[in-house]
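Structure record follows, encoded as structure tokens.
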Amino acid sequence: MERYNFKLIEDKWQSLWNKDKTFSAKIDKNKKKFYCLEMFPYPSGKIHMGHVRNYTIGDVLARYKALQGYNVLHPMGWDSFGMPAENAARQNKLDPKSWTESNISKMKFQLKKLGLSIDWDREISTCSPDYYKHQQQFFLELYDKGLVYRKEEYVNWDPIDQTVLANEQVIDGKGWRSGAVVERKKLNQWFFNIKRFSEELLQNLDMLNQWPNKVKIMQKNWIGKSFGCEINFQIESSKNVSEIRCFTTRPDTLFGLSFLALSVDHPLAKFYENNKEFVKFKKQCSSTGTTEESIANAEKIGFKTDLVAINPLDKNIKVPVYFANFVLMDYGLGAVFGCPAHDQRDLDFAKKYNLKVKPVVTPNYDDLNFDIEENAYTGPGYIFNSSFLNGLKCPDESIIKTIDYLEKNKLGEKKINFRLKDWGISRQRYWGCPIPIVYDNKGNPKKIPSNMLPVELPKIDQLEPTGNPLDKADDWKKIKIDNVDYIRETDTLDTFVDSSWYFLRFCSPNKTDYGFDNDEVKYWMPVDQYIGGVEHAILHLLYSRFFMHALSYKNEEIDLLEPFTGLFTQGMVCHETYKDFENNWVSPDEIETINGKKYLKNNKSKEVKVGPSESMSKSKKNTIDPEEIIKNYGADSARLFILSDSPPEKDVQWSEEGIVSSFKFIQKLWNLNSKIFEEIKKNHEKDNDNEIEKYTNKFLKKITDNLENFSYNKIIANLHEMYSFLSKQINKNYKKNTLIENYQKILIAMTPVIPHFSNECLVMMDSKETAWPSYDQSLLKENIVNIVIQINGKKRGLIKTQPNISEENLLNKINGDEMLFKYLDKKNIKRKIFIKDKLMNIII
RNA sequence: GGGGCGAUGGCGGAAUUGGUAGACGCGUUGGUCUUAGGAACCAAUAUUUUCGGAUGUGAAGGUUCGAGUCCUUUUCGCCCUACCA
């Protein structure tokens, strides 16, 4: 039998799809559209297994939807601005543009080898001026709508490299490349007013019922809405301070007040700037490490001021005011009141400084001696020790009543706070979208007129190792508008801006006068299914949602707020890790397996240590190159395996055995196909029974259901079952037409997963993929059912019978069954539970 | 500290609304064919057994005729988040 030549056949189909523009999408208002989008890649130069998985999942869906008759939009592009290009360019003294473009062409070649049903005519690249000029236009629009503003904000400054560092470039408080201690530096930066939409972004999450709950919860926590109130505390002081305002979610614990704590960045800090002790304290606060753990475990420390705060509910309670390291300026008002009895941080702080701990919530109504020892009590209960609040149920009743009282007496007011901060979009980098702003000689910002867009990046042949290249590009920086001299903004936009609207651009990628065409967007948007990694659960997805809100804001043309109807987050691709005897990571290609043990290829006496399977990463050397896999096994094998072992939302383990088995399975399918081809030629007259037809119907139902639920791993199992069924049944002399008809349906159902193979087989059958085969409900019914017989809830046997058997008839059969009757003989039946065609449970 | 998810054979994983636990694949074992096989094909594969059964879905309870599935408690693992007042 002829071997399946995947190279020949995959090439043939790929060039056919290319030539015919099979996947090119056009608006057709008579057809229902389906917009299938996978997160576009950063052009690093090589695709990795994560891409293979992501794009295979998306491709299965896109092909399935197309067969179902949807007008499918399935585009691809490049998230091509960003730091790797800039780093590579600095290192190799070349131009980020050519580096990026060469990477794109390499990766495009690799992606095409996967046989994806992508409309390559819509390819976009965010680093192209054709793309980013529209982004600059959007920036100006948002500016006009008041959604863009400038303010001073701290950045991580590397004093040696003379550059701003991203958070992930700061390692243990030091610059990742220079090793210099990172300084906090205040810079004027641009912000998108995402807070403006906090409430909408939170509320709309409820409508996104095709999003994973996990992602919605993460976004909800990120937005972080909390209900509380702001309270005014009168201050006694020799300084010119009369009042401090605090935000709290627990006003009902106000009688437990024992101190106020301020952030060192609080405006009142100005009174202490000349106080040496305070300056020392402030330094100490900023020097506690930046790692998450060290922040959480840092000791609570404070600086005591000479201010005294008065409890608004009882003028006789006077407490000290501290600056404290655990109070953040950018949440609430940068000032909190301390109630040590019912907040662990406050308790830690109070213990250190010997402050009063007065419990005001007791878990039990009658327990008025309730006291606090090691742990603050944060649970529910009843208010006590609190004058007129005593006895109120906490927290529901007590919080409402307290706020009520505070408002009536003008001591404070109800307030909703969000954790979400405005989106800082300035990056002090070269390889990004220039911000279309100029400054006059007084430093006032001015928009670049729309007709002067795009603001293109200047070409710089050699990036120097340090500093911001745009800041040094003197010729570029100077610009005349209407004969007035200006200096350009030298910051570029965060690359998250680029990816916040690319899904709109795909709808009309060639439109020159605006970022998108309204009619096209109205037809294609929203994205019906968005597929990508869960690592983008918060920022990218939230920013994209914000961007849609911002574009729609004050614009009646656009009435779309949520860009992604469905979201699917796929798991990672993992691989075993290997280490040699010197504990160095070893790559899978350096290893040979002999008798189940793994040895170094170049030194077969040395066994390697097999570590746990972890997500593929270069540092652990456990990556597998997709290009090699496709070269050796073909795209269909790779697609089959990447889907087979685990549900798409979970991590999958790549294994050599696995890919080999997928490869072999395709060969088996090919052999089966050849046998069927021979059978058809024989042209049998006999039409045995409708066995094959029934099987096909069941198969189609399973595949369809599994496609609908993203249970792609089960589809592969279904294919194996189908193979095993057909290879056993094929010599039963089916009538030619019956066989062809059913086998064709099966082949079409296989095309989403292994498109090259299935299409080739279809052509052999003188057919081609057209429509998704429907199944006949009536053929799903079984002729014979297995009914489980339980005695006292334990399974004791099975009865094979016709469907719809009555309880009495079944009981007769049970009594006629030797094995079952012995359990029932001379026993009193107390109760019978009968579920038609499924089960009979007899209680004796 | 807060939040989320999960725990099923040697491994990855199946199991519509509670109703035959372990589909399918990998691995392992035995066999057939072969000069040979790391090929192909066939068979077996949760544990235990006195071959009648008994026990089995991290642990302990509960609801139910019946629980992998529902409820309570608990242990462990992974992920997210980080002093959020």
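Quantities reported herein were computed from a predicted structural model and do not represent experimental measurements. Numbers restart at 1 for each chain; the letters A, B, ... are given by sequence-line order, proteins then strands.
Remark: A/Phe757 engages A/Tyr4 in a ring-ring contact (aromatic ring centres under 6.0 Å, His included) (not counting sequence neighbours). Taking A/Phe281 as the reference, nothing meets the ring-ring contact (aromatic ring centres under 6.0 Å, His included) condition, with sequence neighbours excluded. Partners of A/His720 under the ring-ring contact (aromatic ring centres under 6.0 Å, His included) rule, at least two apart in sequence or in another chain, are A/Phe665. Partners of A/Gln210 under the side chain to side chain contact (heavy atoms under 4.5 Å, CB included) rule, at least two apart in sequence or in another chain, are A/Thr565. Not counting sequence neighbours, the partners of A/Lys352 by the side chain to side chain contact (heavy atoms under 4.5 Å, CB included) test are A/Glu299, A/Ile301. Remark: A/Glu708 engages A/Tyr64, A/Lys65, A/Gln68 in a side chain to side chain contact (heavy atoms under 4.5 Å, CB included) (not counting sequence neighbours). Annotation: side-chain hydrogen bond (donor to acceptor under 3.5 Å, both in side chains) contacts of A/Thr704 (sequence neighbours excluded): A/Trp772.
Taking 4.0 angstrom as the limit, A/Ser655 places none of its side-chain polar atoms (N or O) nearer than this to OP1 or OP2 of B/rC26.
The pairing partner recorded for B/rU17 is none, the criterion being a Watson-Crick or G-U wobble arrangement whose two distances lie under 3.5 angstrom. Base pairing of B/rC70: its partner is B/rG62, meeting the Watson-Crick or G-U wobble criterion (both donor-acceptor distances under 3.5 Å).
When each of A/Asp651 and A/Arg250 is assigned the nucleotide of RNA chain B bearing its nearest heavy atom, the one mapping closer to the 5' terminus is A/Asp651.
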Which atom pairs link the protein and nucleotides 20-23 of chain B when you take only N or O atoms and keep those under 3.5 Å?
from	atom 1	to	atom 2	distance (Å)
B/rU20	O4	A/Asn786	ND2	3.4
B/rA23	O2'	A/Glu721	OE2	2.7

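Here A/Ser646 lies in heavy-atom contact (under 4.0 Å) with sugar-phosphate atoms only. Residue contacts shown for A/Ile217 are limited to sugar-phosphate atoms, with no base heavy atom under 4.0 Å away.
A donor-acceptor contact under 3.5 angstrom links the side-chain atoms of A/Lys300 to the base of B/rC83.
Ring centroids of A/Tyr322 and A/Tyr353 are separated by less than 6.0 Å, placing the two rings close together.
Applying the side-chain hydrogen bond (donor to acceptor under 3.5 Å, both in side chains) test to pairs two or more places apart or on separate chains, those with a residue in residues 791-803 of chain A are A/Asn786-A/Lys800, A/Arg796-A/Tyr823.
Salt bridge status for A/Lys836 with A/Glu807: absent, with no side-chain N to carboxylate O gap under 4.0 Å.
Within a heavy-atom distance below 4.0 Å of RNA chain B, the residues of residues 326-347 of chain A found are A/Phe326, A/Val327, A/Leu328, A/Tyr331, A/Val336, A/Arg345.
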Distance-only donor-acceptor hits, side chain of residues 640-647 of chain A, under 3.5 Å, sequence neighbours excluded:
from	atom 1	to	atom 2	distance (Å)
A/Ser644	OG	A/Phe641	O	3.0
A/Ser646	OG	A/Asp651	O	3.2

(message) Each nucleotide in nucleotides 38-57 of chain B should get exactly one letter: B, S or -. Can you fill that in based on protein heavy atoms under 4.0 Å?
(response) -SSS-----------SSS--

